[in-house]
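Scroll down for the structure; my scribbles are underneath it.
Numbered from 1 within each chain, the chains take letters A, B, ... in sequence-line order.
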Amino acid sequence: MARMKTIANIKDLRNYVGKEVTLQGWAYNVRSSGKIVFLLVRDGTGLCQCVVEKNERTESFFETVKKLPLESSLEITGVVRADERAEGGHELQVTGFKLVQASPEYPITPKAHGIEFLMKHRHLWFRSRRQHAILRIRHTLVDAIRRFFNDNGYINIDTPIFTPAAGEGVSTLFQVDYFGEPVYLAQTGQLYVEAACMAHGKVYCFGPTFRAEKSKTRRHLTEFWMVEPEIAFAELDEVIAVAEDFILSIKDRVLRDNRAELEFLGRDLKALENIQRPFVRLSYSDAVDLLHGDKARQLLEKDLNDKNVRLSQLEKELGTLVELQKSAAKQWEKDKAAQREIEIREDLEELREQLKNIPHHLELARNFEWGGDLGGSDETIISRLHDQPVFCTHYPRAVKAFYMKVNKDDPRLVNNFDLLAPEGFGEIIGGSQREDDYDMLLTKIKEENLPVEPYEWYLDLRRYGSVPHGGFGLGVERTLCWLCGLKHIREAIPYARMMGKIYP
RNA sequence: UCCCCGAUAGCUCAAUGGUAGAGCGUCCGGCUGUUAACCGGCAGGUUGUAGGUUCGAGUCCUACUCGGGGAGCCA
């Protein structure tokens, strides 16, 4: 009587309607009603409602399923059928069940949890739908990044993570003991990839990178992933054109492959679909004018006004909720009101924080002096004044790294660019044309009081067949935040490493 | 490094300086179409740590630890 069982993935169930299949997965949720149990199973590819009715066929396991602890591992067999009432449109009429392992009580319930608790259970949080969706999109993003460069003639070059002390901003690097010698975790692969660029023409490196800055914000990680292409015989405009093609390519790929996930995350798909070439090109000097101008002021004043309106709306709703909780007859009505009240209080707190900061941001923008580096709030203003990504170019030489190419026409400037993602998501790319003139590079190394000796190999690249070249670095997590509409970067990487956080 | 907020049951949160509570989860019972199901019941606590004020501290004060948000700095 033994039959071969058909193992199916939940994402493929539509191909098995009317057939008996076996799912291998975990119990995501269980609801029961006397003689019928609805078991929501996840298998990594999707969720499927499995319906167990109490009858002779299910007798041996009905009670087990009914009392199944969440996240117990299992194999479940049944006939696939289409049903509007089921999540995903298909469900399983269960005929067989095998418990692989019964879980003890699972920490993460279908109810609300705080971020501290969830981050402590990051290893289990992966199983939740939102985190599952985000990491799937990350997978697509990483693949799209490699695809773009591989398909366009770039060679992948891995750069070292242990790097010698080069004197540059050592305080922001992690020091490691390397056989008794202090070395540092790389904060960029760029200098190394430039060398490979002179061998292969078009190259890129892609790996983790480390910053020891003591920043505790929603935009910072101490360990994050960066892809850094480098192109020979390219000046600034050409590098910018590549960055534009690249961003459009990865954006389209994620929209194509992960529409369902983006929708689940509540991402405004229109906002992504509307991203088209050409992106905005804005020089640093024009950006400074923009910050000083009426538009920036009006934006912040409108923001202030909108947020105040929102604040009073929420306060009003809060009042009615408190009344509702007193008057509601049903317990569940009270619970729902209580839950909403918590949400509103969180929103209110955030709004008040933002409102407190707006005058400060206004001040920063108005008093911004030509020559300084653009701050986070300045970038937000610039990006929100445009509906396409903004290339901000030609920063003052004094605030940028020594390897950036000095501008021919205005030696106060360098040929660099940052790309600001729309909707206020901020900087996702930093890039430049590199200084290819030996004498100028040496001058700049000395200007910054850097030791020359560790850079001899780098100077060699300008001694032997120097050519105009340039590239950029894209932060994977910040890009993912933009694509997914994430408020905090900690959700954009499987194991976030942040100041003071290393578990799990 | 600085500023603001927080820490109470496994989870999310209540509690004028005066007897520590609710919902969810667990456990027990009920329910054949549930969608964070629902309904009834039981159990569940050294209120982050150490001091202090007070007749009396979850609540006030001080320090510390941890967390959240922001500033600076950065990508």
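Taking a pair to require two hydrogen-bonding distances under 3.5 Å in either a Watson-Crick or a G-U wobble arrangement, B:G51 pairs with B:C61. In a base pair of the Watson-Crick type (N1 to N3 plus N6-O4 or O6-N4) or a G-U wobble (N1-O2 and O6-N3), with each distance short of 3.5 Å, B:A71 is matched with B:U1. Using the Watson-Crick or G-U wobble rule with both distances under 3.5 Å, B:C24 pairs with B:G10. The partner of B:C31 is absent, by the rule that a Watson-Crick or G-U pair needs both atom distances under 3.5 Å.
Nucleotides B:A15 and B:C60, compared at atom P, are 12 Å apart to the nearest Å. When the C1' atom is compared between B:U62 and B:A9, the two are found 29 Å apart, to the nearest whole Å. Taking atom P in both B:G33 and B:U19, one finds a spacing of 47 Å when rounded to whole Å. For the C1' atoms, the distance from B:C61 to B:U54 is 12 Å, rounded to whole Å. Between B:C66 and B:G45, the distance separating the two P atoms is 28 Å to the nearest Å. When the P atom is compared between B:C64 and B:G69, the two are found 22 Å apart, to the nearest whole Å. On the C1' atoms, B:G72 is 15 Å away from B:C4, given to the nearest whole Å. Nucleotides B:G25 and B:G68 place their C1' atoms 25 Å apart, quoted to the nearest Å.
Spacing between atom CG of A:Asn357 and atom P of B:C5 amounts to 14 Å, rounded to whole angstrom units. The interatomic distance linking A:Phe417 (CZ) with B:A75 (P) rounds to 14 Å, in whole Å. Atom C1' of nucleotide B:A36 and atom CZ of A:Phe38 are separated by 16 Å, given to the nearest angstrom. Distance CG (A:Leu118) to P (B:G10): 17 Å, rounded to an integer number of Å. Going from atom CD of A:Glu116 over to atom P of B:C5 covers 18 Å, rounded to whole Å. The interatomic distance linking A:Gln354 (CD) with B:C3 (P) rounds to 22 Å, in whole Å. Rounding to whole angstrom units, CE of residue A:Met499 and C1' of B:C73 are separated by 12 Å. Here B:G68 presents its P atom at 7 Å from CE of A:Met498, a figure rounded to the nearest Å.
Among the heavy atoms of the strands lying under 4.0 Å from A:Arg81 is at least one base atom, whether or not backbone atoms are also near. Using a 4.0 Å heavy-atom criterion, one finds that A:His121 contacts no nucleic acid atom at all. The residue A:Phe117 sits close only to the backbone: its heavy atoms come under 4.0 Å of sugar-phosphate atoms, none of a base. Among the heavy atoms of the strands, none lies under 4.0 Å from A:Glu87. Using a 4.0 Å heavy-atom cutoff across all strands shown, A:Glu91 reaches at least one base atom of the nucleic acid. Using a 4.0 Å heavy-atom cutoff across all strands shown, A:Gly114 reaches sugar-phosphate atoms only and no base atom. Using a 4.0 Å heavy-atom distance criterion, A:Leu221 is classed as a base contact. Using a 4.0 Å heavy-atom distance criterion, A:Glu477 is classed as making no nucleic acid contact. Looking at heavy-atom distances under 4.0 Å, A:Lys66 makes contact with a base. Contacts of A:Leu47 with the nucleic acid, taken as non-hydrogen atoms under 4.0 Å apart, are absent.
Between the side chains of A:Arg434 and A:Ser432, a donor-acceptor pair is found at a separation under 3.5 Å. Under the 3.5 Å distance criterion, with hydrogens and angles disregarded, a donor-acceptor pair is assigned to the side chains of A:Asp418 and A:Tyr395. Checked by atom type, the side-chain pair A:Arg85/A:Gln49 shows no donor-acceptor distance below 3.5 Å. A side-chain donor from one of A:Tyr403 and A:Gln190 sits under 3.5 Å from a side-chain acceptor of the other.
For A:His360, counting side-chain heavy atoms from C-beta on, the closest listed nucleotide (B:U32, B:G72, B:A75) is B:G72. Between B:U32, B:G68, B:C74, one nucleotide has an atom nearer to the side chain of A:Arg219 than all others, and that is B:C74. Here B:C73 is the nucleotide among B:C73, B:G33, B:G72 with the atom lying nearest to any side-chain atom of A:Glu213. For A:Glu105, whose side chain is taken as the heavy atoms from C-beta onward, the closest listed nucleotide among B:C74, B:C66, B:G25 is B:G25. Taking every side-chain heavy atom of A:Lys67 into account, B:G29 is the closest of B:U32, B:G29, B:G69. For A:Ile36, the listed nucleotide lying nearest its side chain is B:G33; candidates were B:G33, B:G69, B:C74. Each of B:G72, B:U34, B:U32 was ranked by its minimum atom distance to the side chain of A:Gln49; first place goes to B:U34. The side chain of A:Glu427 has B:A75 as its nearest neighbour among B:A36, B:A75, B:C31.
Taking side-chain N and O atoms only, A:Arg490 has a distance below 4.0 Å to OP1 or OP2 of B:G69. Between A:Arg85 and B:U34, a side-chain N or O to OP1/OP2 separation shorter than 4.0 Å is absent. Applying the 4.0 Å criterion to OP1 and OP2 of B:G68, one finds that A:Lys501 has a side-chain N or O inside that range. Proximity of A:His113 to the phosphate of B:G10: no side-chain N or O atom is located under 4.0 Å from OP1 or OP2.
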Step-by-step side chain to side chain contact (heavy atoms under 4.5 Å, CB included) determination, A:Lys35 to A:Glu53: CA-CA 6 Å; A:Lys35 296 191 178 64; A:Glu53 293 179 358; over 6 Å; no

Working for ring pair (Phe, Tyr, Trp, His ring centres under 6.0 Å), residues A:Phe210 and A:Tyr184: CA-CA 9 Å; A:Phe210 307 88; A:Tyr184 301 88; over 10 Å; no

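Comparing A:Tyr106 and A:Arg31 by the nucleotide of RNA chain B whose heavy atom lies nearest to each, the residue mapping closer to the 5' end is A:Tyr106. Nearest-nucleotide mapping onto RNA chain B: of A:Ser32 and A:Phe224, the residue sitting toward the 5' end is A:Ser32.
Proximity of the aromatic rings of A:Phe126 and A:Tyr495 is defined here by a centroid distance below 6.0 angstrom, and this criterion is met.
A:Glu71 places a side-chain heavy atom less than 4.5 Å from the side chain of A:Arg42.
In this model, a side-chain donor or acceptor of A:Ser215 finds a partner on the base of B:G72 within 3.5 Å.
At distances below 3.5 Å, at least one donor-acceptor pair connects side-chain atoms of A:Thr109 with backbone N or O atoms of A:Lys111.
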